[in-house]
Number of protein chains: 2
Amino acid sequence: MDKFLIAVDAVVFAYDKDYLKILLIKRGIEPFLNEWALPGGFLRKGESLEDSVKRELKEETNINDIFLKQLHTFSLINRDPRERVITTAYYALVNPENYKIKADTDALEVKWFNFNELPKLAFDHNEIIEMAINKLRKDIEFKPVGFELLPEYFTLAKLQKLYEIIFDKEIDKRNFRKKLLKTELIIETDKKDTGGVKRPARLYYFDKKRYFKFKATGFKFKII
Amino acid sequence: MDKFLIAVDAVVFAYDKDYLKILLIKRGIEPFLNEWALPGGFLRKGESLEDSVKRELKEETNINDIFLKQLHTFSLINRDPRERVITTAYYALVNPENYKIKADTDALEVKWFNFNELPKLAFDHNEIIEMAINKLRKDIEFKPVGFELLPEYFTLAKLQKLYEIIFDKEIDKRNFRKKLLKTELIIETDKKDTGGVKRPARLYYFDKKRYFKFKATGFKFKII
DNA sequence: TCAAAAGTGTTATGGTTACACCCATGA
DNA sequence: TCATGGGTGTAACCATAACACTTTTGA
């Protein structure tokens, strides 16, 4: 029976300075030497696909312990110019505390790109990113994954901005806050964000435990 | 670099006599000889995963030309007792016109099972089915995939029953019809379903073309 | 004291839910 | 003629959308 090379690739999203970003590496090996690509690599014996992405992310970009979700497996015959490779793509969300990256092993350089200013990428990686963004849009509509992109304590303005970027549309501030707070999952604190330029904004956090309790009883999370 | 065996498996759903069914085969080869399993097989050189599922379905069950969607790739080290195999699962929806099945090649027998009366299956196939049902529930909520399980012309009662089975809850007949017809995607015909026991019910069809037109302009399909 | 962003309520509209009876047909 | 499933409308309720001014702070 035929055997195949299997790769994994990761579309890593982050949210910084009001931009949605994607992590890319500059390839240090052929094919597509010196071109930008998704971080990833080959599956090894003895590891699952998920183990493999985690290892590659750690090796190539120094990113650890993040939200990871399988996206799709790409299997077109000629997606790798040299030899047939089947790749399983994951998407990942990192929060700013996990943001320190450094190039390593097969990567010459690692860099965050604004998701709407991406270069042409190696392989079918532009296509993979397209699918990842669509998936992120779908997921964020009904799951509280947006918080994975934020620090533990965040302002409602930041959260709103994140949703505005991902959905590419403006949201009414008052309605957004009302809807959010009515869920009883976004908890007010006494902390203030003094980093802003003027009046400090109140910080909130997402109550994950309560979310899972609500979810178990059939509640649906939807804030936009 | 390591190479791997890759398989494909299909969770094939059908809707018949007010039951949601799943197609299983009795395995004619080791491992799990004589046990029930999902139809599937090994990926070959020169075919994509999707080509492969289609071929396997045709070979093992004589099912052709159906709605197919990639579900997930399963890669745990010991999911196959003999040798490592990574499998990509698909889910499929067949309508009653495509319903004629027959066992072939590696399958001793092919049979439709009610989805809530499944035997213990080979490999991790029960787990795969679990994921497929969850995916089907999600998809059917916002996409008109339910019609893939129905003949071209159907009664609203059948459609309602299908949704009731998949979501496992009762739906109010009047509200269901109102909401459906308001979309202008379910088109009334002059045909009647004379197969019923009493008063014949009117037949409708789903206007796929119009759906894609609406979809392109940002409309969201949701009927429950 | 002023510029900038934070924070806050009300009303109109549209969608969802709850609910019960008559109708057409085949046996 | 009657049993069976087919077919229909209205009112109460709730969620969403639209909309503008006051407050707090740092410079």
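Just so it is clear, the values below take in all heavy atoms, side chains as well, and ignore hydrogens, waters and symmetry mates. First the proteins, then the strands, lettered A, B, ... as listed; each starts at 1. These figures come from a predicted structure and were not determined experimentally.
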Q. Can a side chain N or O of A/R177 be found less than 4.0 Å away from OP1 or OP2 on C/dG7?
A. yes
Can you check the [X] [atom1] to [N] [atom2] distance for me, whole Å?
X: B/F176; N: C/dA18; atom1: CZ; atom2: P; result: 16 Å
X: B/I223; N: C/dT16; atom1: CD1; atom2: P; result: 12 Å
X: B/I224; N: C/dG15; atom1: CD1; atom2: P; result: 18 Å
X: B/R202; N: D/dG7; atom1: CZ; atom2: C1'; result: 10 Å
X: B/F154; N: D/dG6; atom1: CZ; atom2: C1'; result: 16 Å
X: A/K169; N: D/dT16; atom1: NZ; atom2: P; result: 12 Å
X: A/L156; N: C/dA6; atom1: CG; atom2: C1'; result: 10 Å
X: A/Y204; N: C/dA6; atom1: OH; atom2: P; result: 11 Å

**Q.** Sugar-phosphate or base contact per nucleotide [nucleotides 17-27 of chain D; S, B, -; heavy atom under 4.0 Å]
**A.** BBBB--BBSBS
Q. Around B/F176, counting heavy atoms of other residues, nucleotides and ligands shown, do more than 12 lie under 6.0 Å from its CZ?
A. yes
Q. Got more than 12 heavy atoms from elsewhere within 6.0 Å of NZ, A/K138?
A. no
Q. Is B/K111 close enough and on-axis enough to B/F113, meaning under 6.0 Å and within 45°, for cation-pi?
A. yes
(Q) Go through it in stages, so that I can follow the logic: the residues are A/W112 and A/V94, the test is side-chain contact (heavy atoms from CB on, under 4.5 Å), and I'd like the CA-CA distance, side-chain angles, deciding distance and then a yes or no. (A) CA-CA 12 Å; A/W112 292 104; A/V94 309; 3.8 Å; yes
Q.
Tell me whether B/T155 contacts the main-chain N or O of B/A201 through its side chain, where contact means a donor paired with an acceptor under 3.5 Å.
A. no
Q: Identify, with sequence neighbours excluded, every residue that meets side-chain hydrogen bond (donor to acceptor under 3.5 Å, both in side chains) alongside A/K178.
A: A/N175
